[in-house]
Amino acid sequence: MTQHHDMAVVGEPVEATLDNTTSKTVTSASAALQPKKVFMRTYGCQMNVYDSDRMTDVLGPEGFTTTENMEDADLVILNTCHIREKAAEKVYSELGRIRKVKEERARQGKEMMIGVAGCVAQAEGEEISRRAPIVDLVIGPQSYHQLPKLLKTARDGTKVVETEFDIDAKFKHLSERAARPPLKRAPSAFLTVQEGCDKFCTFCVVPYTRGAEVSRSVEQIVTEAELMAAAGVREITLLGQNVNGWHGAGPDGNSWGLGRLLYRLSEIDGLDRLRYTTSHPRDMDDELIQAHRDLKTLMPYLHLPVQSGSDSILASMNRKHTRDEYFRLIDRIREAAPDIALSCDFIVGFPGETDQDFQDTMDLIRRVEFGSAFSFKYSQRPGTPGALMDNQVDEDIKSARLAELQELVAQQQTAFNASRINMTFGVLFERKGRMPGQIVGKSPWLQPVQVDASEDLIGTIQPVEILEIGRNSLFGQLKPGHHDVVGQ
């Protein structure tokens with residue numbers, strides 16, 4: 001999910017930057033006569049991608065369409081992530097580049113408003129307005145549903161800084177939006193079910209930027225999932241900073257866990273694949289493990305961060321589980337779902353990490369055998385206990401350990417991908433490939449799969465035989481007499 005906060009990243013693990021390029025226009029009586037354009041740049045995890053999509057949704061009735069060219073934008077929003085090292089400084093650097101674009105547009109008599117959203121906005125608040133006067137509004141991750149109102153205030157000349165925690169209002173907005181008639185959607189989509197974290201790992205800023213754990217209700221989630229399916233979504237990934245800590249109010253008046261929710265979602269017509277991310281080992285209960293055994297719609301992939309294989313480092317991180325407990329949990333999961341692919345997060349060079357601590361992590365990786373993993377050098381986060389700890393590890397040592405760990409993980413990933421050769425399984429096709437005549441989809445184990453086939457198959461699940469592998473992708477061919485299939 002990750003970048004130090006148990007949330008799996010999207011794309012490049014160092015800093016994932018996604019520009020929304022799908023044009024969306026929603027007309028309403030309140031929309032301005034002259035269409036406006038918004039450029040949205042998203043950094044970090046899937047939760048930010050989901051939030052960026054919802055921001056473009058709320059801007060639609062205000063007359064905004066999305067653009068992939070910043071120079072054409074009347075509004076630029078940076079949806080930021082506070083997980084990577086020097087995240088705030090990178091935002092200020094990007095704002096310096098945007099300032100030049102804004103000045104050029106001003107010379108042409110064109111307006112450009114600038115907003116900073118997400119976790120850096122939450123952490124920096126007024127400091128962003130002070131250091132970057134070109135910024136018109138600063139919006140925390142729980143406030144984007146107020147974007148139209150905040151934009152109006154900013155346009156009237158008042159600098160806006162809105163970083164209050166009001167997750168209930170945000171979830172209420174999501175439910176109201178879900179009640180609208182669905183538009184055509186991509187075949188795979190995210191659905192936020194939980195936000196915030198109560199774990200307070202000593203390396204992590206999420207409890208301070210996203211707040212305490214709050215869960216949406218079963219009714220809210222099911223309604224949105226049903227509308228997604230009606231709009232063409234065939235795979236949903238449930239999102240949460242601690243998604244398997246989700247406990248939402250059920251229709252029976254009881255609190256449901258994530259396992260029970262997955263059983264309910266598996267009943268939705270047209271919804272053929274379910275995933276969730278990111279999980280904490282302490283919240284992986286029996287019902288959730290049983291769901292991996294029972295549900296064909298629940299894909300055989302699990303991102304379950306451990307962060308370290310050393311008990312002393314795990315204790316210092318406040319993870320509140322041991323390496324042996326993690327091993328026993330993995331055994332239970334694999335007993336229920338023998339073909340599951342496991343993904344993980346690792347932080348190397350946490351304060352006080354010795355050579356033996358690092359070797360304990362390497363031993364854990366060898367014993368578990370992961371299909372993939374995200375790994376990072378520890379970096380200090382202001383306001384977290386880890387930043388104040390003694391025995392900070394030298395950067396050269398961290399770099400050497402990270403390279404060694406990543407080499408081992410790469411070997412395991414290659415071996416897992418190679419084990420898929422000559423297998424035939426369902427692939428959900430999502431988009432055109434880079435080469436003419438090529439389409440790309442996802443395997444049940446989340447690997448990209450590339451085949452030569454018609455674009456008409458995008459949005460369907462087809463049986464594919466795997467012929468070869470690349471560093472990160474699988475390459476295959478459609479089976480003769482192919483047809484749309486469900487699940488795997």
Side-chain angles (χ1 to χ4, degrees), residues 8-13 16-24 42 46 49-50 52-53 66 68 182-191 225 228-237 268-275 277 296-301 303 339 341 343 371-372 413-414 416-488:
V9 297
V10 176
E12 175 61 39
T17 303
L18 305 177
D19 294 342
N20 291 308
T21 58
T22 302
S23 180
K24 305 176 188 177
T42 306
Q46 292 101 324
V49 176
Y50 181 86
S52 290
D53 285 345
T66 59
E68 57 185 295
L183 303 173
K184 181 66 177 176
R185 297 286 300 273
S188 182
F190 299 127
L191 197 168
M228 283 181 169
V233 174
R234 301 199 60 178
E235 174 184 87
I236 286 178
T237 300
I268 296 175
D269 290 338
L271 188 55
D272 299 312
R273 289 186 166 189
L274 295 170
R275 303 181 188 272
T277 196
K296 291 183 178 180
T297 51
L298 182 56
M299 294 296 95
Y301 172 89
H303 187 71
D339 198 31
S343 176
S372 61
Q413 182 173 358
T414 298
F416 181 78
N417 289 345
S419 71
R420 307 298 100 172
I421 293 177
N422 297 325
M423 288 182 63
T424 297
F425 47 76
V427 173
L428 173 60
F429 288 105
E430 299 179 333
R431 56 184 172 84
K432 294 188 292 184
R434 294 181 179 178
M435 305 299 293
Q438 185 184 73
I439 58 175
V440 181
K442 283 203 297 279
S443 79
W445 302 276
L446 205 61
Q447 302 134 307
V449 180
Q450 303 182 37
V451 303
D452 292 328
S454 169
E455 295 176 21
D456 294 341
L457 295 181
I458 293 174
T460 69
I461 300 173
Q462 303 292 336
V464 172
E465 180 183 11
I466 302 304
L467 303 178
E468 58 181 297
I469 65 169
R471 180 174 177 85
N472 297 305
S473 299
L474 309 179
F475 299 87
Q477 65 181 6
L478 296 175
K479 293 293 287 182
H482 62 264
H483 58 283
D484 200 20
V485 298
V486 174
Q488 299 181 48

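The figures that follow rest on heavy atoms only: side chains count, while hydrogens, waters and symmetry mates do not.
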Can you find a pair of side-chain heavy atoms, one from [X] and one from [Y], that are under 4.5 Å apart?
X      : Y      : result
Leu478 : Val464 : yes
Thr297 : Leu271 : no
Asn417 : Trp445 : no
Phe425 : Val427 : yes
Leu446 : Arg275 : yes

Search all heavy atoms of [X] against all heavy atoms of [Y] and return the closest pair with its distance.
X      : Y      : answer
Ile439 : Ser454 : CD1-O, 3.7 Å
Ser188 : Leu428 : CB-CD2, 4.4 Å
Gly459 : Pro187 : CA-CB, 3.8 Å
Gly426 : Pro444 : O-CD, 3.4 Å
Leu191 : Tyr50  : CA-CE1, 3.6 Å
Val451 : Gln477 : CG1-N, 4.1 Å

Give me each pair satisfying salt bridge (Lys or Arg N to Asp or Glu O under 4.0 Å) with a member in [range], each pair once, sequence neighbours excluded.
range            : answer
residues 417-428 : Asp339-Arg420
residues 427-452 : Glu235-Lys442, Glu430-Lys442
residues 458-469 : Glu465-Lys479

Quick one: pull up [atom1] in [X] and [atom2] in [Y] and give me the separation to the nearest 0.5 Å.
X      : Y      : atom1 : atom2 : result
Thr237 : Phe190 : OG1   : CZ    : 5.5 Å
Ser372 : His303 : OG    : NE2   : 8.0 Å
Tyr301 : Arg273 : OH    : CZ    : 14.0 Å
Asp272 : Arg234 : CG    : CZ    : 4.0 Å

Does Ser473 reach the main-chain N or O of Gly470 with its side chain, forming a donor-acceptor pair under 3.5 Å?
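No, the answer is negative, given that no donor and acceptor are paired below the 3.5 Å cut-off.
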Evaluate Ile421 against Ile469 for side chain to side chain contact (heavy atoms under 4.5 Å, CB included), listing each step before the verdict.
CA-CA 8 Å; Ile421 293 177; Ile469 65 169; 3.9 Å; yes
